[in-house]
Amino acid sequence: MSRTGLRPRVLIVGAGLAGTATAIRLLRFARRPLEIVLLERRSEYRSAGVAYHREGNPWDHVFNIQAGRMSVFREDVLDFVRWANVEADRRDWPAQWAGTEFVEQGPAPRRIFQDYLIERLAEARREACPGVVLVEADGEAVDMDVLSSGVEVTVRQWSAPHGSGLQAGQGTEPAVIFAEHVVLATGLELREPPFAAEVLTHPSFVRNPFSAAGVRKLVTLPSQAKVAIVGSVLSAYDSAGLLLRQGHTGRIHLISRTGTMFRTYPAGHEHAVLRLPCPRALLEPYRNREEFVARVRSEWEAACSTVAREHPGVHPSVIAERVAKAWEPYLPEVIERIPSVELRGLLDEFSTAIAALRVGAVEYTMAVIERAMHRAGGPVKLVVGKVERITPAQAGRLVVSVAASEQRHAIEVDLVVSHFGREWDYSRVGEPLWRNLLRKGIAVPHERTGRGLEVDRQGTLLGPDGEPAGPILAVGVLREGDEFVRNGRTGAFAFNLAAIKNQSITVAAHVVAQREQQEGGLAHGTAEFHGGVSSVEEAARVGFEEAVVLEVRRLATRARGERELLDSRVDACVRSLGDVPALPKDVPRRDRLIRTAVNRAAVERLTDVSVTPRQLRRQLGMADAEDLS
């Protein structure tokens, strides 16, 4: 579909957490007319995705982490808690939560996050600059073609609000939507469990426990029924906890290949970042898996001992988390030494254990399961082993065959709940969009890890030649392998809110900068920009620093009037810098290049993961009384 107006268009494919967060940032960052189309194929996932939508999250499903870490804005730590306490409409909430005063370290029901995102998106829309508009459209993107001027996206079952200027396809024919930029925020892809091929449609098998049908089966299950939950990661605790809180007394088998269990955060736990020395032994040449794992364990034990000795205020249960996060800056250099085949094998073998080291869960989630598991005759039993096959049995039951190290189990149950997980290898995803993008070379599976897609530092998809495949960027789980190799991010990446927050900032800022460069006649001046502005900060240190601080505040400000005031102050700072070596003498061109440099520096500061969000606010001069306390 050709352009119907004068505004350039950004099409975001997927309106869950990642897509909504990116749309909010685009609405805030854009200073010139821009049309942001937020496309979602499942209406119940809008501003929620699989992790937070109401139909798949009953009130007993709470965030795994503390409520104070759930703000969609990294620079505004307690925004979600303030919203839940002051702004949220509680008229339909159950009594358990309706009278709750939420606190930073406490729990909060996951389903209210959808209302929070809806309201923050609406606010960003209201406070956007003139000409910056949001269109929320329904439909499924199934194909793309990259043109010299942008991307044509084929959308099935397309529907857009009346008056948006976007027309529907003819009859059952898909629509073709043109956009100057596309952001892929498609979220999780279900992994086909090979052990369940015979029972995928069986009424006693729950493939997606976060669907309305899956939740319905759990809440209507007789209390004496026997249950097998495949997996022992945090999402599996949601299903077990839901059963236990409604009084389930029948046996619940938690089946785990590794036997990994997650930790409970201590009361009052607060996120923190420690500075620890580089684990030098890990930088030695890679020999083999056994030898490398031995080196990791030795360095790990030494680091944990250091934290226990030198940081006595750190609770013993979170020492592992502190070390895992402190090591992340060093991991890219370590990973470079590991051959790709070996790296994939290590991730397959230890990914669950790494996730359990890096993140825990709030007491609300864990306590009910731990009590049921550890008390004599408790209903929850951990079964360590690999599920080989699930087969039908008599009376509508299922038999789960589990292979342990020295024996095999055949567990007959009334219901099997599969938390087998998501598909991270996009060459195996059956959705038409991914089949077409991979076939055309627009998307390429991540070579080093086999997880996610190849992208550059800004998140732009790379083709088979390693060059940008077009103006198509990715946010969220699509970037798992790149985040691991480039930034050392480990852990349970499926719902890594911190990574999504930063990616939404980076992607939105990159798209806006690209538009402004093209509209300012800098479309072909990027080489000059990269070669020249590195000297700006050194040549005009004080003025440049002032401009960056103001730009950070502009990017973080929600009210349009204040943003416009800060914008004019940034421009004044840029103009005051005067001539800068290695930049054009042409004043408008020079100022645009400097402004681009200021924006890039501000984005880097806003996404600095070496500090906590609260420390970030202090560094950026944005701290208030809550932060200082």
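Just so it is clear, the values below take in all heavy atoms, side chains as well, and ignore hydrogens, waters and symmetry mates. Computed from a predicted model, the values in this text were never measured in an experiment.
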**Q.** CA sep, side-chain torsions, deciding dist, call: Thr264, Glu370, side-chain hydrogen bond (donor to acceptor under 3.5 Å, both in side chains)
**A.** CA-CA 10 Å; Thr264 303; Glu370 290 177 346; 3.0 Å; yes
Q | Verdict with supporting geometry, Arg600 and Glu604, salt bridge (Lys or Arg N to Asp or Glu O under 4.0 Å) | A | CA-CA 6 Å; Arg600 179 166 296 189; Glu604 288 177 358; 5.7 Å; no
Q.
Please determine whether salt bridge (Lys or Arg N to Asp or Glu O under 4.0 Å) holds for the pair Glu483 and Arg457, giving the CA-CA distance in whole Å, both sets of side-chain angles, and the decisive distance to 0.1 Å.
A. CA-CA 9 Å; Glu483 282 283 349; Arg457 185 172 295 278; over 6 Å; no
Q: Walk me through it: do Phe63 and Phe80 pass the test ring-ring contact (aromatic ring centres under 6.0 Å, His included)?
A: CA-CA 12 Å; Phe63 300 120; Phe80 171 75; 5.4 Å; yes
Q: Evaluate the criterion salt bridge (Lys or Arg N to Asp or Glu O under 4.0 Å) for residue pair Asp348 and Arg451; output intermediate values, then yes/no.
A: CA-CA 10 Å; Asp348 290 343; Arg451 296 166 181 246; 3.2 Å; yes
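Between Tyr286 and Phe292, the ring-plane angle classifies as tilted under the 30° and 60° cut-offs. Ring geometry for Phe113 against Tyr52 counts as tilted: the plane angle lies between 30° and 60°, on a 0 to 90° scale.
Remark: Leu283 engages Cys278, Arg280, Glu333, Val334, Arg337 in a side chain to side chain contact (heavy atoms under 4.5 Å, CB included) (not counting sequence neighbours). For Glu192, the side chain to side chain contact (heavy atoms under 4.5 Å, CB included) partners are Leu200, not counting sequence neighbours. Judged as a side-chain hydrogen bond (donor to acceptor under 3.5 Å, both in side chains), and not counting sequence neighbours, Glu454 has no contacts.
Checked by atom type and distance alone, the side chain of Thr506 pairs as donor or acceptor with a backbone atom of Asn502 at under 3.5 Å. Remark: the backbone N or O of Ala361 is not paired with any side-chain donor or acceptor of Thr365 at under 3.5 angstrom. The closest donor-acceptor contact from the side chain of Gln105 to the backbone of Gly68 lies at 3.5 Å or more, if one exists at all. With hydrogens and angles disregarded, a donor-acceptor distance shorter than 3.5 Å links the side chain of Asn85 to the backbone of Phe102. Side chain of Ser298 to backbone of Ala294: no donor-acceptor contact under 3.5 angstrom is found.
Residues Arg120 and Asp79 are paired through a salt bridge, judged by an N-O separation under 4.0 Å between the basic side chain and the carboxylate. Under the 4.0 Å criterion applied to side-chain N and carboxylate O atoms, Glu301 and Arg297 are not assigned as salt-bridge partners. A salt bridge links Arg558 with Asp76: the distance from a Lys NZ or Arg NE/NH1/NH2 to an Asp or Glu carboxylate oxygen falls below 4.0 Å. The residues Asp238 and Arg110 are annotated as salt-bridged, a charged nitrogen and a carboxylate oxygen being separated by less than 4.0 angstrom. A salt bridge is defined here as a Lys NZ or Arg NE, NH1 or NH2 lying under 4.0 Å from an Asp or Glu carboxylate O, and Lys325 with Glu328 fails to meet this definition. Taking 4.0 Å as the cut-off between side-chain N and carboxylate O, Arg428 and Asp425 count as a salt-bridged pair.
Sequence neighbours left out, the pairs with a member in residues 303-320 that pass side chain to side chain donor-acceptor pair (under 3.5 Å) are His315-Ser317. Residue pairs meeting the ring pair (Phe, Tyr, Trp, His ring centres under 6.0 Å) criterion with at least one partner in residues 318-356, sequence neighbours excluded, are Trp300-Trp327. Every pair passing salt bridge (Lys or Arg N to Asp or Glu O under 4.0 Å) that includes a residue from residues 256-274 is listed here, sequence neighbours excluded: Arg263-Glu321, Glu270-Arg614.
For the pair Arg554/Asn599, a side-chain contact is recorded, criterion being any heavy-atom separation below 4.5 Å from C-beta on. Residues Val384 and Ile255 are not in side-chain contact: their nearest non-hydrogen atoms beyond the backbone lie 4.5 Å or more apart. Proximity of Val103 to Val81: side-chain heavy atoms (C-beta onward) are nowhere separated by under 4.5 Å. Side-chain atoms of His61 and Leu242, non-hydrogen and from C-beta on, do get closer than 4.5 Å to each other. With a 4.5 Å cut-off on side-chain heavy atoms, Val183 and Val10 count as touching. With a 4.5 Å cut-off on side-chain heavy atoms, Gln458 and Val507 do not count as touching.
The 12-atom threshold is not exceeded at CZ of Arg275, counting heavy atoms of other residues, nucleotides or ligands nearer than 6.0 Å.
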